[in-house]
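Data block below; observations after.
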Amino acid sequence: MTGQQIFMPDADVVYFKHAFSSDESNDILAVLLSDIEWQQESIKIYGREIPQPRLTAWYGDPEAIYTYSNIVNHPLPWLPVLRQIKDQCEALCQAQFNSVLLNYYRNGQESMGWHQDNEPELGKHPVIASVSFGATRRFQFRHKSRKDLATITIELESGSLLLMQGTTQEYWKHQVPKTTQPIDARINLTFRFIRPVP
Ligand SMILES: O=C(O)CCC(=O)C(=O)O
Ligand SMILES: [Mn+2]
C-alpha cells in the first residue's frame, strides 16, 4: 500500500487513507472502547489542575517510560488488539514502535490544542504513526515560524494512518480543534519509539 505524501515544506507527512478496512476498523473501535483503561488526566496551568478535554491511556514495552510534569509514567502492558494495530503500522511505516498513546474524544467538544510531539524521550526527529477509528475529525498543521504558509487541514477518517517523520515535529505544530457539529466518538492512537533520556 502506498500513502499520499502531503505537500509540506520542512516536513515528511504521508497519509494512508485505508490502512484498515471499514469492517476491521469497526471491530477495533468496539474493542478499544471496552478494553482500554481510559483515564481522565489533568494538566497544570498556572498552578491550577485543569481536566484534559478527552480521555487517555498509555501502553507499551515496560522500558518505554516517559516523564511528564515531573511524573514518571509507566506503560500498561500491550493488549492483543494494540499489538495487531502496531504490527500493521510497523509494516506500512517501515519503523519500530515500543509504545502508544491513546486519545478518546467522546464528542466534538473534546479536542487537543496546538502542540508538537517533542518530548526528549522521542529524540529529535521521531517517527510517529497516528491511527484513527470512529468519527472523522479535522486535524490541522501550522508551521511554527513561516507565517506565509497556510494552515493545512486533513480530515482523518476511520481506519486511516497519518505518518509524521523527519523534521515534522521540529517545524510544525498540530491540533484537533473542537467543533460544534454533533460528532460521535473517535479514538486516535499515536505509536512512538521512546528511549531513556540521560
Ligand atoms: O487525535 C489526534 O489525531 C492527534 C493526537 C496527538 O496529536 C497526540 O497524541 O499527540
Ligand atoms: Mn501530537
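It should be emphasised that the depicted structure is a prediction, and the values quoted were computed from it without experimental measurement. Indexing begins at 1, ligand by ligand and atom by atom, following the structure's order.
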Element-labelled atoms of ligand 1 that are located less than 4.0 Å from some non-hydrogen atom of [X]:
X      : value
Asp117 : 10 (O)
Phe139 : 3 (O), 4 (C)
Val176 : 1 (O), 2 (C), 3 (O), 4 (C)
Tyr105 : 1 (O), 2 (C), 4 (C), 5 (C)
Leu101 : 9 (O)
Met112 : 5 (C), 6 (C), 7 (O), 8 (C), 9 (O), 10 (O)

Check whether any side-chain heavy atom of [X] lies under 4.5 Å from a side-chain heavy atom of [Y], and answer yes or no.
X      : Y      : result
Glu170 : Asn118 : no
Lys144 : Gln116 : yes
Thr56  : Tyr104 : no

Item to complete: Look at atom 9 (O) of ligand 1 and say which protein heavy atom is nearest, naming residue and atom and giving the distance to 0.1 Å.
Response: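 Checking every protein heavy atom, the shortest distance to atom 9 (O) of ligand 1 gives Asn103 ND2, 3.0 Å.
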
Response to the item:
of all protein heavy atoms, closest to atom 5 (C) of ligand 1 is Asn188 OD1, 3.4 Å

Practice prompt. Looking only at distances, please establish whether an N/O atom of ligand 1 is found under 3.5 Å from an N/O atom of Ser132.
Written response: no

Worksheet item: Just by distance, with hydrogens left out, do Glu157 and Thr136 show a side-chain donor and acceptor under 3.5 Å apart?
Response: no

Practice prompt. For the residue pair Arg138 and Thr179, confirm or rule out a side-chain donor-acceptor distance under 3.5 Å.
Written response: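 Arg138 vs Thr179: no donor-acceptor pair found between side chains.
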
Worksheet item: Any idea which of Arg137, His174, Arg186 brings a heavy atom closest to atom 3 (O) of ligand 1?
Response: Arg186

Discussion item. For atom 10 (O) of ligand 1, which of the options Gln116, Arg192, Met164 provides the nearest non-hydrogen atom?
Written reply: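 Nearest option to atom 10 (O) of ligand 1, by heavy atoms: Arg192.
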
Practice prompt. Would you mind telling me which of Leu163, Ile6, Leu162 makes a side-chain contact (heavy atoms from CB on, under 4.5 Å) with Val14?
Written response: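 Among the candidates, only Leu163 passes.
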
Item to complete: Give a rough value, rounded to 10 degrees, for the angle at the Mn ion (ligand 2) between atoms OD1 of Asp117 and NE2 of His115.
Response: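 About 90°, to the nearest ten degrees.
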
Discussion item. If you consider just the N/O/S atoms, which atom of His174 is the closest one to the Mn ion (ligand 2)?
Written reply: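 When I compare the N, O and S atoms of His174, NE2 is nearest to the Mn ion (ligand 2).
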
Fill in: Non-hydrogen atom of Gln175 closer than 4.0 Å to ligand 1
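Checking ligand 1 against Gln175, which is what was asked, there is no heavy-atom contact under 4.0 Å.
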
Fill in: Plane angle bin for His174 and His115 - parallel if under 30°, tilted between 30 and 60°, otherwise perpendicular
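If you compare the ring of His115 with that of His174, the planes turn out perpendicular.
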
Item to complete: Identify the residue among Asn188, Thr190, Asn103 that makes a side chain to side chain donor-acceptor pair (under 3.5 Å) with Ser130.
Response: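 The residue from Asn188, Thr190, Asn103 that satisfies side chain to side chain donor-acceptor pair (under 3.5 Å) with Ser130 turns out to be Asn188.
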
Practice prompt. Step through it carefully: locate the ring centre of Phe191, locate the ring centre of Phe193, and say whether they are under 6.0 Å apart.
Written response: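 Centroid separation for Phe191 and Phe193: 6.0 Å or greater.
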
